[in-house]
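Here's the structure we're looking at; comments come further down.
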Amino acid sequence: PVSAGANGSAVENFSCVVYNVSFMNCTWQAGRGAPEDTQYFLYWKQWSDIDGTECELYIKDEHGRNTGCRFQNVMIETENVYFLVNGSSNNSLIQFYDEYISLYKIEKLMPPSNITVRCDEIKKDCIIQWQQPQISHSRKDKCFKYEINIKYK
């Protein structure tokens with residue numbers, strides 16, 4: 001459906017990233033056609049939620065306008081998450097922006113941990129081991145490919 005409101009008033013460049021296993025930041029820019037007094041509000045809904053939830057911790061620009069949201073304790077489920085950013089202004093109606101995002105596709109993965117290197121000079125070989133990084137979603141084994149870059153000094 002077409003959103004009612006001033007043309008170009010919906011947010012632009014909406015994007016989210018999941019990082020450090022359970023944190024997520026979403027950011028956006030004010031619509032180029034939005035009046036200066038426009039304030040935006042982000043709601044999101046996972047499949048298990050009956051109602052959507054408003055952002056609890058907004059990121060604000062120098063004018064006090066909401067331009068992002070910080071989330072904590074994000075649990076990634078395999079279903080898409082629905083995001084809705086609507087706005088309000090004293091001067092005109094503001095168009096909303098909405099999008100479905102699969103959170104596992106936007107997760108910035110942690111590096112491997114507990115990396116150990118044991119070299120045997122007689123056999124002239126090394127054993128390198130590491131632990132798979134912790135991730136938010138459940139399909140762990142299929143997600144990882146590793147590349148080792150060895151530099152001789």
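Just so you know, residue 1 is the first one in the sequence shown, and it goes up from there.
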Show me the donor-acceptor pairs, under 3.5 Å and distance only, between side chains in residues 4-17 and residues at least two apart or in other chains.
{"residue": "S9", "atom": "OG", "partner": "A6", "partner atom": "O", "Å": "2.5"}
{"residue": "S9", "atom": "OG", "partner": "Q95", "partner atom": "N", "Å": "2.9"}
{"residue": "E12", "atom": "OE1", "partner": "R32", "partner atom": "NE", "Å": "3.1"}
{"residue": "E12", "atom": "OE1", "partner": "R32", "partner atom": "NH2", "Å": "3.3"}
{"residue": "E12", "atom": "OE2", "partner": "R32", "partner atom": "N", "Å": "3.2"}
{"residue": "E12", "atom": "OE2", "partner": "R32", "partner atom": "NE", "Å": "3.1"}
{"residue": "N13", "atom": "ND2", "partner": "Q29", "partner atom": "OE1", "Å": "2.4"}

request  = Return the minimal non-hydrogen interatomic distance between P111 and P133, and the atom names on each side.
outcome  = O-CB, 3.3 Å
query = Are side-chain heavy atoms of I101 and F83 found at a separation under 4.5 Å?
reply = yes
key: With sequence neighbours excluded, residues passing ring-ring contact (aromatic ring centres under 6.0 Å, His included) with Y19   = F23
inquiry  = For the backbone of N91 and the side chain of S89, can you confirm whether one donor and one acceptor N or O come within less than 3.5 Å of each other?
reply    = yes
Under 3.5 Å, sequence neighbours excluded: what are the donor-acceptor pairs made by side chains of residues 53-63?
{"residue": "E54", "atom": "OE2", "partner": "Y58", "partner atom": "OH", "Å": "2.8"}
{"residue": "Y58", "atom": "OH", "partner": "L42", "partner atom": "N", "Å": "2.9"}
{"residue": "K60", "atom": "NZ", "partner": "N66", "partner atom": "OD1", "Å": "2.7"}
{"residue": "D61", "atom": "OD1", "partner": "H63", "partner atom": "N", "Å": "2.9"}
{"residue": "D61", "atom": "OD1", "partner": "G64", "partner atom": "N", "Å": "3.1"}
{"residue": "D61", "atom": "OD1", "partner": "R65", "partner atom": "N", "Å": "2.9"}

request  = Just jot down the side-chain contact (heavy atoms from CB on, under 4.5 Å) partners of N114, sequence neighbours excluded, or say none.
outcome  = Q131
query = What's the spacing between T38 OG1 and L93 CG if we round to 0.5 Å?
reply = 10.5 Å
query = In terms of hydrophobic clustering (I, L, V, M, F, W, Y; side-chain heavy atoms under 4.5 Å; direct or indirect links), are I148 and V117 co-clustered?
reply = yes
query = CG of N20 to CG of N25: how many Å apart, nearest 0.5 Å?
reply = 10.0 Å
ask   = How would you list all residue pairs meeting salt bridge (Lys or Arg N to Asp or Glu O under 4.0 Å) that involve residues 86-103, not counting sequence neighbours?
value = none
ask   = Is the closest side-chain heavy-atom distance between L84 and Y97 below 4.5 Å?
value = no
ask   = Is there side-chain contact between P112 and Y146, with at least one heavy-atom pair below 4.5 Å?
value = yes
message = Any heavy-atom pair between the side chains of K108 and V18 that's under 4.5 Å?
response = no
task = Tell me, please, which residues at least two apart from Y100 pass side-chain contact (heavy atoms from CB on, under 4.5 Å).
result = N80, Y82
request  = Any salt bridge (Lys or Arg N to Asp or Glu O under 4.0 Å) involving residues 34-47? Give me the pairs, sequence neighbours left out, ordered by first then second residue.
outcome  = none
inquiry  = With a 3.5 Å distance limit and no angle check, can you tell me whether Y40 reaches the backbone of G31 through a side-chain donor-acceptor pair?
reply    = yes
Side chains of F71 and S22 in contact at under 4.5 Å (non-hydrogen atoms) = no
ask   = Can you list every salt bridge (Lys or Arg N to Asp or Glu O under 4.0 Å) pair that touches residues 120-130, not counting sequence neighbours?
value = none
message = Check the SG atoms of C119 against those of C126: under 2.5 Å or not?
response = yes
remark   = To the nearest 0.5 Å, atom CD of Q132 lies from atom OG of S113 at 9.5 Å
request  = Pick out which of L103, V74, I106 makes a side chain to side chain contact (heavy atoms under 4.5 Å, CB included) with V81.
outcome  = L103
